[in-house]
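Reviewing the structure listed below.
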Amino acid sequence: MSKKSNILNPQIINIETGLETHKLDTIKKFPVKANLANYQPLYDTFNYDKSLSDEIIYYADGSLNVAYNAIDRHLVNGRKNKVAIYAIDNSLAVKKYTYNDLFILSNQAANALVKLGVKKGDRVFIFLPRIIETYVITLALARIGAIAGPLFSAFGPDALKDRLLDSGAKVIVTDTNLKPRLESIKKNLPDLESIVVVGGKTAELDKNEYAYAEIISNQPKTFNNCHLKPEDPLYMLYTSGTTGKPKGVVHVQNDLKCQHMTTKWVLDLQEDDIYWCTADPGWVTGMVYGIYGPLSNGASVVCFEPGFNAKAWFKVLEDLQVTVWYTSPTALRMLMKEGFNLVKEYNLNALRHILSVGEPLNPEVIRWGMEVFNLPIHDNWWQTETGSQMISNLPCLPIKLGSMGKPLPGIYAAIVDDEGNELEPGQIGKLVLKPGWPSMFNSLWRDVERYDEYFKIKNWYFTGDNAWKDTDGYFWFIGRSDDVINTSGHRVGPFEVESALLEHEYIVEAGVIGIPDEERGEIIKAFIVLKDGISESEEVLKDIKDFIKKQLAFHAYPRLIEVRDKLPKTRSGKIMRRLLKAQELGLPQGDLTGLDD
Ligand code: AMP
């Protein structure tokens with residue numbers, strides 16, 4: 001099978017590291033050749049609406065609707081009966097939904113939500129597992145112009161309360177399994193008007209709670225899409241910084257330009273591809289490259305409800321003949337741990353393009369990928385704030401093992417010092433981007449000051465990551481420049497975990513850091529000081545662990561807890577996480593002049 005790539009029609013791949021060159025002559029399916037001469041002129045593409053005129057449809061007055069682009073237009077361009085979603089439930093049964101099905105379902109959902117009082121600009125949160133309704137509601141909200149707020153289905157009550165309260169959520173859509181996590185907090189959400197429950201029955205629900213199936217069943221199958229300005233909000237996603245509670249990152253309608261084009265260039269989706277993005281729609285990758293980007297490109301998308309299970313994953317790849325697969329380094333490392341025998345039981349010949357995002361992709365995982373899939377794994381880098389992929393190993397570029405790739409067309413990335421001066425290739429510094437690409441976050445929810453902070457040095461957008469660039473323009477990730485933890489590709493703010501720990505009656509102080517872990521990238525370690533009169537014991541620690549697991553998401557609870565008599569603090573009383581980390585990892589402790597002793 002030789003498929004033409006969407007971008008630059010490349011020929012052969014050559015994977016290089018600084019020292020060694022792997023010539024992958026045996027590569028069978030994905031013909032790739034770097035052609036920088038063709039690549040460069042695409043720079044600035046995002047700035048020319050004309051070049052996108054075939055790709056994104058705007059109304060005559062310059063407004064647009066994302067749901068029109070993701071669904072409606074496919075009803076008149078030959079994709080009406082094409083499968084939009086392969087929904088796989090927990091028993092691994094597959095149900096197909098065509099673009100026409102998605103059109104009807106999302107119109108009915110939009111009508112039902114409007115009947116509940118949802119209007120343009122309202123925040124509606126989606127607290128659902130990976131099921132068809134997650135797609136339907138996301139797109140129904142796009143029709144109305146309401147702001148979709150994805151919530152990771154593993155979140156516990158504390159994590160939910162922070163986000164729902166701050167955003168002033170008006171409606172939450174959830175299901176019967178997840179709803180109990182809202183019970184203890186719903187009374188403390190003054191703006192909340194309704195909860196819609198997928199799988200719920202009216203007789204079993206409280207006042208202002210609605211059974212999803214019942215409220216959509218008699219709704220009209222058409223809906224008048226709201227015409228939205230490019231700068232009107234589309235979705236908001238809470239993400240963690242080094243200080244304070246998670247912040248609401250707001251993205252707008254015009255993000256679709258980047259979502260659509262990067263899906264085309266980086267994921268290389270083509271008409272007959274079956275595409276599986278394993279990320280949860282509660283995270284930005286699951287939203288942008290699980291829903292908006294691929295549907296806008298008219299792709300057939302896999303929606304997989306169960307959690308991670310190596311056998312089930314390989315079975316899905318085989319049974320559905322998945323051709324393009326977008327996943328994470330942690331998932332790949334977990335599959336790699338299964339060894340070679342399991343994967344050999346499955347016929348994965350349909351796969352032609354594999355991508356990874358969210359954390360550093362180790363060279364040994366790429367080598368393993370070559371062995372078992374006979375395909376290179378293409379790493380790419382971006383963030384919730386950037387709204388779409390920024391740095392990528394495009395299909396047309398030779399891969400340097402361990403590098404995130406090169407900035408995409410229209411994106412200018414650089415490595416700078418603390419004053420914003422660009423550094424020479426080879427020097428480690430702060431990874432920054434030149435602001436202005438269409439999917440750049442448009443605001444932080446009700447926090448202008450914090451938004452401006454990102455851009456305050458020489459008008460660069462500071463990503464919070466450290467990296468370096470080589471002489472060929474490839475970018476290499478070093479780590480975060482702040483205290484943010486990346487565990488299994490999920491961004492966790494230490495403050496959030498510390499706050500949850502402090503809610504436990506035995507704890508008076510808490511400091512949280514990430515420590516390296518072979519499988520998950522980092523795991524979370526908490527240092528705590530116990531209240532006077534409470535001493536460390538197995539029961540005390542178990543009580544704390546059980547408590548924290550319930551409060552936070554599964555990925556965000558500290559796997560390790562150490563009790564200390566006191567924690568290192570600055571004179572102003574701030575816990576010095578940097579010092580805790582240095583002590584834990586046996587690293588130099590750096591400048592200790594601010595330490596309060
Ligand atoms: P999030 O906003 O939750 O998507 O997290 C974004 C952060 O994940 C980035 O700032 C990086 O620290 C990390 N990240 C994303 N992609 C990569 C990658 N390809 N390599 C290394 N780190 C990554």
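Not measured: the values here are computed from a predicted model. Whatever order the structure lists ligands and atoms in, that order sets their numbers, starting from 1.
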(request) Step through the shown structure and confirm whether more than 12 heavy atoms of other residues, nucleotides or ligands are within 6.0 Å of CD on Glu231. (result) yes
(message) Can you confirm whether or not the ring centre of Tyr454 sits under 6.0 Å from the ring centre of Phe462?
(response) no
(request) State whether the side chain of Glu305 and the backbone N or O of Ile131 hold a donor-acceptor pair below 3.5 Å, judged by distance alone. (result) no
(message) Regarding ligand 1, does Glu359 bring an N or O atom to under 3.5 Å of one of the ligand's N or O atoms?
(response) yes
(request) Go through Thr239 and Glu385 one step at a time and tell me if the side-chain contact (heavy atoms from CB on, under 4.5 Å) criterion holds. (result) CA-CA 9 Å; Thr239 191; Glu385 291 89 336; 4.0 Å; yes
(request) Under 4.0 Å, heavy atoms only, figure out whether ligand 1 is touched by the backbone of Thr384, its side chain, both or neither. (result) both
(message) Angle between ring planes, Trp276 versus Trp325, binned at 30° and 60°: parallel, tilted or perpendicular?
(response) parallel
(message) For the backbone of Ala414 and the side chain of Lys469, can you confirm whether one donor and one acceptor N or O come within less than 3.5 Å of each other?
(response) no
(request) Just let me know how Arg480 lines up against ligand 1, side chain, backbone, both or neither, with a heavy-atom cut-off below 4.0 Å. (result) side chain
(message) Counting only heavy atoms closer than 4.0 Å, does ligand 1 sit against the backbone of Gln383, its side chain, both, or neither?
(response) both
(request) Flag the pair Arg333 and Glu359 as a salt bridge only when some basic side-chain nitrogen lies within less than 4.0 angstrom of an acidic carboxylate oxygen. (result) yes
(request) Would you mind finding which of Ile391, Val484, Asp465, Asn466 brings a heavy atom closest to atom 9 (C) of ligand 1? (result) Asp465
(request) Indicate yes or no: does an N/O atom of Asp379 lie under 3.5 Å from an N/O atom of ligand 1? (result) yes
(message) Geometry only, no angles: is Asn380 polar-contacting ligand 1 at N/O separations under 3.5 Å?
(response) yes
(request) Using a strict cut-off of 4.0 Å, indicate which atoms of ligand 1 neighbour a heavy atom of Asn486. (result) 8 (O), 13 (C)
(message) Judged on heavy-atom distance to atom 14 (N) of ligand 1, which of Gly358, Gly387, Ser240 sits nearest?
(response) Gly358
(request) Report the nearest protein non-hydrogen atom to atom 3 (O) of ligand 1: residue, atom name, distance rounded to 0.1 Å. (result) Arg491 CB, 3.3 Å
(request) Any atoms of ligand 1 less than 4.0 Å from a non-hydrogen atom of Pro360? List them with their elements. (result) 20 (N), 21 (C), 22 (N)
(request) State plainly whether the residues Arg559 and Glu519 are in salt-bridge range, i.e. N to O under 4.0 Å. (result) no
